[in-house]
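Structure provided below as structure tokens; questions to follow.
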Amino acid sequence: MSRKVVRSSKFRHVFGQAVKADQCYDDIRISTMTWDSNFCTVNPKFVAMIVDASGGGAFMVLPLNKTGRIDMSYPTVCGHTGPVLDIEFCPHNDNIIASGSEDCSVMIWEIPDGGLISPLTEPVVKLEGHCKRVGILSWHPTAHNVLLSAGSDNVVILWNVARGEEVVRIDSVHPDLIYSTCWNRDGSRIVTSCKDKKLRVLDPRKGTVLFEKDKPHEGSRPVRAVFVSDGKILSTGFSRMSERQVALWDPTNFGEPLTLQELDTSSGVLLPFFDPDTGIIYLCGKGDSSIRYFEVTDEAPYVHYLSMYSSKESQKGMGYMPKRGLEVNKCEIARFYKLHERKCEPIVMTVPRKSDLFQEDLYPDTVGPEPSVEADEWFNGKDAPPVLISLKEGFVATTKAKEFKVHKSLLKTTSASAGTHPDSSGEVQSLKKEVQDLKAALEELTKRVKELETKD
């Protein structure tokens, strides 16, 4: 009688590898704040990380190709008057980043292509509504210019960023500190974990609790929760004996977990990153030197351990690259940006394949940068699934990134959609000039080549 000993999975042999030293970002003084956020955010253009700053708070935004040693005098984004606690790039515009700080404010910044050439102190928009420090930020996955913020005042606020106004305030649900928030795939639900040892699934527009789970993990250390496929929720926390745990829940039947596994006795909070395309969940512990990864499936025990990437140095934070920023021809299925004390080190997760062809089973259509609904429509009740793109040709931006326009005087939006023409005066003129310069340079080079050929 043959018995299947090993579960078959195409992700069984996924392995992690740190890039070479010259492809790291060196000599960056990463923030020493004791706050359980990622401290790093990345997209296909930039990597941003919270850094130590004397007086106020700052974070650094580097173009992805600016590897090697970063000069001490490299400009930072330094408009906050207190330490920065969380940063997150906008999923619909790679040049827009939000930051939350101990100074109780949320600021939205626009990073020019190519990175900063001087310190950035003036945000595009400043959002004020929290009365204590803002430690959690999360952009809406499908609605344009909708941002969630949560502060130590136990309040969750949903902002219409382009108008610069607070639209929904959820202030009577959480009696204690909010540990984490996460949107579901189309942004119609949020899951929060709180210091009162409860997981809550909320309707974000109404601010009402739809489902609630008391004590998902018995321990008193922080709990993190994320939505995974089919509306299920994966949580990380601690047992009464302070062992780290990972659990999977069905919110419609919150009584018992679908699975609950104990991992180890480390004290760092586990930061979960879920990839909906492959069903893999990556767990990165603050202060750990490893990344564990599991596959979430429909068959018991639902969360299957795959492997672990280990290194010598512990991580102070972790950035996770969106799928459209990966190198598909190298079968890369995830890329993390691991923060050390003085550097940022990319770690590549790869599925070993012999063929050089595009691996369709590894790269189903994934979430693209185009929003599927505008902020006002979403606040009025319209939900829409994310707009998917194919990675077959390696991701190429086919549409102009959503422009982010704010009238400073009125903070009213005129956010032009991707289809609008750039304003004829400035942008078109500069593009024409650039084309002329390139043509002239080409003629010059052609002439030079002919001269050299005739000499021979």
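Position 1 is the first residue of the sequence; numbering continues from there.
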>> Consider side chain to side chain contact (heavy atoms under 4.5 Å, CB included). Of His340, Lys338, Glu345, which one does Gln315 pass it with?
In response: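 For Gln315, the side chain to side chain contact (heavy atoms under 4.5 Å, CB included) check succeeds only for Lys338.
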> Within the distance-only criterion (no hydrogens, no angle test), does the side chain of Lys213 pair as donor or acceptor with the backbone N or O of Lys198 below 3.5 angstrom?
Replying inline: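 Such a contact is absent between Lys213 side chain and Lys198 backbone.
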> Is any side-chain heavy atom of Pro346 less than 4.5 Å from a side-chain heavy atom of Cys24?
Replying inline: yes
>> Keeping Asp86 on the side-chain end and Gly100 on the backbone end, is there a donor-acceptor pair under 3.5 Å?
In response: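 The answer is no, because no donor-acceptor pair under 3.5 Å joins these two groups.
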> So, do Ser307 and Val14 sit near enough that their side-chain heavy atoms are less than 4.5 Å apart?
Replying inline: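 Not in contact.
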> Can you find a heavy atom in the side chain of Glu212 that is under 4.5 Å from one in the side chain of Val173?
Replying inline: no
> Between the side chain of Asn43 and the main-chain N/O of Lys45, is any donor-acceptor distance below 3.5 Å?
Replying inline: yes
> Do you know the tightest heavy-atom contact between Leu260 and Pro216?
Replying inline: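 Closest pair (atom of Leu260, atom of Pro216, distance): CD1-O, 4.1 Å.
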> Do the side chain of Gln261 and the main chain of Val303 share a donor and acceptor less than 3.5 angstrom apart?
Replying inline: yes
> Hey, what do you get for CG (Asn145) to CG (Asn93), rounding to the nearest 0.5 Å?
Replying inline: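 Reported to 0.5 Å precision, the distance equals 8.5 Å.
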> Which pair of non-hydrogen atoms, one from Cys284 and one from Ile291, has the smallest distance, and what is that distance?
Replying inline: SG-CG2, 3.9 Å
>> With heavy-atom distances below 4.5 Å as the criterion, would you say the side chains of Tyr179 and Lys195 are in contact?
In response: yes
>> Looking at every heavy atom in both Ala334 and Tyr320, which two are closest together, and how far apart are they?
In response: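 So the two residues come closest at CB-CE1, 4.1 Å.
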> Out of Arg133, Lys132, His80, which one pairs with Glu102 under the side chain to side chain contact (heavy atoms under 4.5 Å, CB included) rule?
Replying inline: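 Result for side chain to side chain contact (heavy atoms under 4.5 Å, CB included) with Glu102: Arg133.
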> Should the pair Arg7-Glu299 be classified as a salt bridge under the 4.0 Å nitrogen-to-oxygen rule?
Replying inline: no
> Are any side-chain N or O atoms of Arg244 and backbone N or O atoms of Gly285, one a donor and one an acceptor, separated by less than 3.5 Å?
Replying inline: no
>> Tell me whether Asp71 contacts the main-chain N or O of Ser73 through its side chain, where contact means a donor paired with an acceptor under 3.5 Å.
In response: yes
> What heavy-atom pair brings Ser188 and Pro204 nearest, and what distance separates the two atoms?
Replying inline: O-CD, 3.2 Å
>> With a sphere of 6.0 Å drawn around CG of Asn380, does it hold more than 12 non-hydrogen atoms of other residues, nucleotides or ligands?
In response: yes
> What are the two closest non-hydrogen atoms of Val84 and Ile87, and how far apart are they?
Replying inline: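 Scanning both residues, the minimum pair turns out to be CG1-CG2, 3.8 Å.
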> Under the 3.5 angstrom rule, does the side chain of Ser372 hit a backbone N or O of Val387 as a donor-acceptor pair?
Replying inline: no
> Does the ring center of Tyr293 lie less than 6.0 Å from the ring center of Phe11?
Replying inline: no
>> Parallel, tilted or perpendicular, judged at 30° and 60°: which one describes the rings of Phe46 and Phe89?
In response: parallel
>> Main chain of Lys382, side chain of Glu377: is a donor-acceptor contact present, judged purely on distance under 3.5 Å?
In response: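 Absent.
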>> Do Ile50 and Met33 have side chains that approach each other closer than 4.5 Å (heavy atoms only, starting at C-beta)?
In response: no
> Under 4.0 Å between a Lys/Arg side-chain N and an Asp/Glu carboxylate O for Asp264 and Arg292?
Replying inline: yes
> Going by an N to O cut-off under 4.0 Å, is there a salt bridge joining Arg342 and Asp27?
Replying inline: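 A salt bridge links Arg342 with Asp27.
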> Would you find a donor on one side and an acceptor on the other, under 3.5 Å apart, between the side chain of Asp52 and the backbone of Ser31?
Replying inline: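 Such a contact is absent between Asp52 side chain and Ser31 backbone.
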> Could you state the interatomic distance from CZ (Phe336) to CE (Met349), rounded to the nearest 0.5 Å?
Replying inline: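 So the gap between those two atoms works out to 5.5 Å.
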>> Closer than 3.5 angstrom, by distance alone: can the side chain of Ser138 be matched with the main-chain N or O of Cys182 as a donor-acceptor pair?
In response: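 Checking the backbone N and O of Cys182 against the side chain of Ser138, no donor-acceptor pair under 3.5 Å is found.
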>> For Lys126 and Asp103: C-alpha separation, side-chain torsions, deciding distance, then whether salt bridge (Lys or Arg N to Asp or Glu O under 4.0 Å) applies.
In response: CA-CA 12 Å; Lys126 186 174 181 181; Asp103 65 10; 5.7 Å; no
> Shortest non-hydrogen contact from Leu248 to Lys232?
Replying inline: CD2-CD, 4.0 Å
>> Any carboxylate oxygen within less than 4.0 angstrom of a Lys/Arg side-chain nitrogen, looking at Asp383 and Arg205?
In response: yes
>> So for atom CD, which belongs to Glu262, do other residues, nucleotides or ligands contribute more than 12 heavy atoms lying within a distance under 6.0 Å?
In response: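 It does: Glu262 CD has more than 12 such atoms within range.
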> Rounded to the nearest 0.5 Å, how far apart are CH2 of Trp249 and CD of Glu256?
Replying inline: 7.0 Å
> Does a sphere of radius 6.0 Å around CD in Glu341 hold more than 12 heavy atoms from other residues, nucleotides or ligands, not counting ones at 6.0 Å or beyond?
Replying inline: no
> So Phe254 and Phe211, would you call those rings parallel, tilted or perpendicular, with 30° and 60° as cut-offs?
Replying inline: perpendicular
>> Side chains of His130 and Ser149: any donor to acceptor distance under 3.5 Å?
In response: yes
>> If I take atom OH from residue Tyr74 and atom CG from residue Leu62, how far apart are they, to the nearest 0.5 angstrom?
In response: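 The OH atom of Tyr74 sits 5.0 Å away from the CG atom of Leu62.
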> Measuring from Asp250:CG to Tyr302:OH, what's the distance to the nearest 0.5 Å?
Replying inline: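 Nearest 0.5 Å value for the CG-OH distance: 9.0 Å.
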